[in-house]
There are 2 protein chains.
Amino acid sequence: MAFENLSEREREILQNLIDHYILTADPVGSRVIANKYAMGLSQATIRNTMQDLEEMGLISQPHTSAGRIPTDAGYRVFVDMLLKPAPLSSAEKTIIQQMISSPANRGIDTILGQTSKVLGDITNQLGISISPKFEEGVLSGIELIPVAEGKILLVVAVKSGLARTILLEVESKVNTVDLKLMESVLNERLAGLTLGQIKNTLSDRLNDTACSPKLIKMFIDSETEIWDGKLSEKLHVTGTDNLIIQPEFADRERLTDIIKLLEEKNVLQSFMESKSTGEGIIITIGSENPISEIRECSLVTSSYKIGKISGTIGVIGPTRMPYSKLVSIVQYTARSLTDALSDKK
Amino acid sequence: MAFENLSEREREILQNLIDHYILTADPVGSRVIANKYAMGLSQATIRNTMQDLEEMGLISQPHTSAGRIPTDAGYRVFVDMLLKPAPLSSAEKTIIQQMISSPANRGIDTILGQTSKVLGDITNQLGISISPKFEEGVLSGIELIPVAEGKILLVVAVKSGLARTILLEVESKVNTVDLKLMESVLNERLAGLTLGQIKNTLSDRLNDTACSPKLIKMFIDSETEIWDGKLSEKLHVTGTDNLIIQPEFADRERLTDIIKLLEEKNVLQSFMESKSTGEGIIITIGSENPISEIRECSLVTSSYKIGKISGTIGVIGPTRMPYSKLVSIVQYTARSLTDALSDKK
DNA sequence: TTTGGCAATCTCCTTACTCGAGTGCTAATA
DNA sequence: TATTAGCACTCGAGTAAGGAGATTGCCAAA
């Protein structure tokens, strides 16, 4: 649908209506727009335009004697054509920076936890962060460390300076020499590949080696655990309480649905990862959303980088969310996060 | 308060009342008890006894024309004197076993995640699990692995076969020889101590060594991150949706309070850890609880062991919870968890 | 000691009704 | 032709009133 040919007046009214609705959560009537937004037009005129907007499917009436509220399509137009990102206050910038980068020497996990927290806090929505997609990482080295009888710690180091560790089990004792051999074979054959590539070709690559079959078996067996990013990628969610307060979640059932979704984690995770690619901000509005539990919510997502690996952060809230503010916040946070993480490299 | 001298009848009525209230969440009247629980007594007699119980502070009336509901003290007496643990069905046992122990080779974190999930699911309450108290662990070995320019992966292995890894940063390059030296010094001086002990005495123990001062500095700087268990202990919470459905959380404010608490994690964590010691089940009822957000909730906790290190699991729900069932479930789960974890040793 | 009976109490639900907000339409106006 | 004032109409939210139902406490009888 092409809404580029909306008249100036139609745009203005749509904008004011949405602005006001975002603030109050109450259907907006012509009176409010005429008075509060001093457009120099009478209520009647505004009513006429509102009728037009309704015919176009951009706004709707909950019932006859109520004002109008934006439809998902209305938000879409608003976001695409009318959105003016709201600048962040310096206080906001400071707090984002502080939360993300304060104590050095913390794991990326902690940092992402902080990120989702700061997102949740300053947006008053659900703040989300997802750890980097390990599969995109290029292997820089593998280390095998015996930690106990039958337990071996596998360290997978990735170019951007990330490392991942997994405790493997192997039947009976393992000879140190065997272990060292295995280690060097792995390093030789796998270095420079992305973990994703390794995942798909591992068994081939381990075909003809002099390594202990026991160890090879262990590797093949734990293939998925080791190389599949999903298992190590974590979803951090903060600010559920913000959601509960929103009038759109007064309905208990809708609330339980979404909270279940948040606990499930993996559904939301794959969806968000599929969304955010590249630099920009991506906004997904209400019914555009494939996950039924959040059909009445919008997402604002962006991605951050650590070296060449990317991850996703974002915000979820009711479709009636302060988009202009959120866009700026998410964008700024994503950038800060990228900066913070590359400092450490 | 000594309630040992409750008459047989008083006990029976209290028991029936609580049983019924747990089921329905509605105040229980004399009529229900007389009919449903066929005690061979008239309503009037039961009313009399109920008055007595109310005077003792074990039950109370929400308002004049309502039935009675148990007070916290009433639940206490119920739990201490009248509780008969309900046996688990074999289906329940199976599902607990499966969830906890299915795929081998998973990290303890995943297992604990599964544990809280199964607890939440089969109890219909909030399932909680906390990772083992690392501080109790006895160091079995330390390993320092260079993973990238200025980044060193520290592996702390503990006797029970657990290992913890932390990515440390150090200014500029580090000589491999220095690293090896540091490693062996650490192993020499710290092996056999618990991490808690190390935490308190580390700087002393590193006094006069031939190690690179740069590395020593790194260790001293990151002291807390490395040895403090709190940072690596995780709290898993599952089943928030179960809570929302409960009528006692119809009040939005109470709900937000508790959800904030759950997101905070550390408050709840230290409280639960302080509770569960040793083998048994510990039940904390409503106002016995120091955390104000859960003054209307009860906790059923127990602890599990991995080697000599212990951790906590449990369940949170409204004081009106099916204690007899929960006790059995938590107990069985804790034991299964201990078993599952020691299998792996 | 127990029980039947009864007045009293209080919540919850239903119904009816008013108030106010907002619309859409029509006719007048610029 | 575009805008506006005026007005009848619609509908939801909130309030008040009036039962219905449940349960109690107490008294007198068994």
Side-chain angles (χ1 to χ4, degrees), chain A residues 5-14 16-21 23-71 74 247-248 250-251, chain B residues 5-14 16-21 23-71 74 247-248 250-251:
Chain A
N5 39 18
L6 285 178
S7 75
E8 189 54 37
R9 173 179 301 165
E10 285 164 341
R11 293 179 190 217
E12 213 168 319
I13 289 187
L14 180 62
N16 290 339
L17 187 143
I18 294 186
D19 281 348
H20 196 265
Y21 181 65
L23 242 58
T24 63
D26 280 328
V28 186
S30 52
R31 188 155 179 274
V32 180
I33 295 191
N35 292 350
K36 297 245 165 170
Y37 294 88
M39 298 180 61
L41 293 173
S42 76
Q43 300 178 26
T45 314
I46 291 175
R47 276 207 284 279
N48 290 332
T49 310
M50 281 166 90
Q51 265 179 315
D52 297 342
L53 289 171
E54 180 157 16
E55 261 165 42
M56 288 185 251
L58 301 182
I59 57 181
S60 73
Q61 274 183 293
H63 55 85
T64 342
S65 77
R68 304 298 211 296
I69 61 176
T71 61
E248 22 275 276
D251 178 17
Chain B
N5 39 16
L6 285 177
S7 75
E8 189 56 37
R9 175 180 298 166
E10 284 164 341
R11 292 178 190 219
E12 213 168 320
I13 290 187
L14 181 62
N16 290 338
L17 187 143
I18 293 186
D19 281 348
H20 196 264
Y21 182 66
L23 241 57
T24 63
D26 280 327
V28 185
S30 51
R31 188 156 178 273
V32 181
I33 295 191
N35 292 349
K36 298 245 162 169
Y37 295 88
M39 298 181 61
L41 293 173
S42 77
Q43 299 178 26
T45 314
I46 292 177
R47 278 207 281 280
N48 290 332
T49 310
M50 280 165 89
Q51 264 179 314
D52 296 342
L53 289 172
E54 179 156 15
E55 260 165 44
M56 289 184 247
L58 300 182
I59 58 181
S60 74
Q61 274 183 295
H63 55 83
T64 344
S65 76
R68 305 297 213 292
I69 61 177
T71 61
E248 23 274 277
D251 179 17

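All chains are named by letter (A, B, ...) in the order of the sequence lines, taking the proteins before the strands, and each is independently numbered beginning at 1. The figures here come from the full heavy-atom set of this structure, side chains too, leaving out hydrogens, waters and symmetry mates.
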Measuring from the side chain of [X] (C-beta onward, heavy atoms only), which nucleotide among [options] has the closest atom?
{"X": "Arg31(A)", "options": "dT23(C), dG22(C), dC10(C)", "value": "dG22(C)"}
{"X": "Glu54(B)", "options": "dG25(D), dT4(D), dT3(C)", "value": "dG25(D)"}
{"X": "Arg9(A)", "options": "dT3(D), dT3(C), dG24(C)", "value": "dT3(D)"}
{"X": "Asn48(A)", "options": "dT24(D), dT4(D), dC10(C)", "value": "dT4(D)"}
{"X": "Ser30(A)", "options": "dC11(D), dT23(C), dT4(D)", "value": "dT23(C)"}

[N], OP1 or OP2 - any side-chain N/O from [X] closer than 4.0 Å?
{"X": "Thr64(B)", "N": "dC10(C)", "answer": "yes"}
{"X": "Ser42(A)", "N": "dT4(D)", "answer": "yes"}
{"X": "Gln43(B)", "N": "dT24(D)", "answer": "no"}
{"X": "Arg47(A)", "N": "dC7(D)", "answer": "no"}

- Message: Any side-chain to backbone donor/acceptor pair from Thr71(B) onto Gly57(B)? Under 3.5 Å, distance only.
- Response: yes
- Message: If you define the side chain from C-beta out and look only at heavy atoms, does anything of Arg68(A) sit under 4.5 Å from Arg47(A)?
- Response: no
- Task: Report yes if some heavy atom in the side chain of Ile33(B) is under 4.5 Å from a heavy atom in the side chain of His20(B); otherwise report no.
- Result: no
[X] [atom1] to [N] [atom2]: how many Å, rounded?
{"X": "Met50(B)", "N": "dT23(D)", "atom1": "CE", "atom2": "P", "answer": "9 Å"}
{"X": "Ile33(A)", "N": "dG22(C)", "atom1": "CD1", "atom2": "C1'", "answer": "12 Å"}
{"X": "His63(A)", "N": "dG22(C)", "atom1": "NE2", "atom2": "P", "answer": "10 Å"}
{"X": "Asp26(A)", "N": "dG20(C)", "atom1": "CG", "atom2": "P", "answer": "17 Å"}
{"X": "Asn35(A)", "N": "dG22(C)", "atom1": "CG", "atom2": "C1'", "answer": "13 Å"}
{"X": "Leu41(A)", "N": "dA5(D)", "atom1": "CG", "atom2": "P", "answer": "11 Å"}
{"X": "Gln51(B)", "N": "dG25(D)", "atom1": "CD", "atom2": "P", "answer": "4 Å"}
{"X": "Arg68(A)", "N": "dC11(D)", "atom1": "CZ", "atom2": "P", "answer": "14 Å"}

- Task: Please list, chain by chain and in numerical order, all residues satisfying side chain to side chain contact (heavy atoms under 4.5 Å, CB included) with Glu10(A), sequence neighbours excluded.
- Result: Leu6(A), Ser7(A), Thr49(A), Asp52(A), Leu53(A), Met56(A)
- Query: Hey, does Ala66(B) reach any base, or is it just sugar-phosphate, or nothing, if we go heavy atoms under 4.0 Å?
  - Reply: sugar-phosphate
- Nearest-nucleotide 5' precedence on DNA chain C, Thr45(B) against Ser65(A): Thr45(B)
What are the two closest non-hydrogen atoms of [X] and [Y], and how far apart are they?
{"X": "Gly74(A)", "Y": "Ile18(A)", "value": "O-CD1, 3.8 Å"}
{"X": "Pro27(B)", "Y": "Pro62(B)", "value": "CG-CG, 3.9 Å"}
{"X": "Met50(A)", "Y": "Val28(A)", "value": "CE-O, 3.5 Å"}
{"X": "Glu54(A)", "Y": "Gln61(A)", "value": "OE2-N, 3.6 Å"}

- At how many degrees, to 10°, do the end axes of the helix from dT1(C)-dA30(D) to dA30(C)-dT1(D) meet when each uses five pairs? 20°
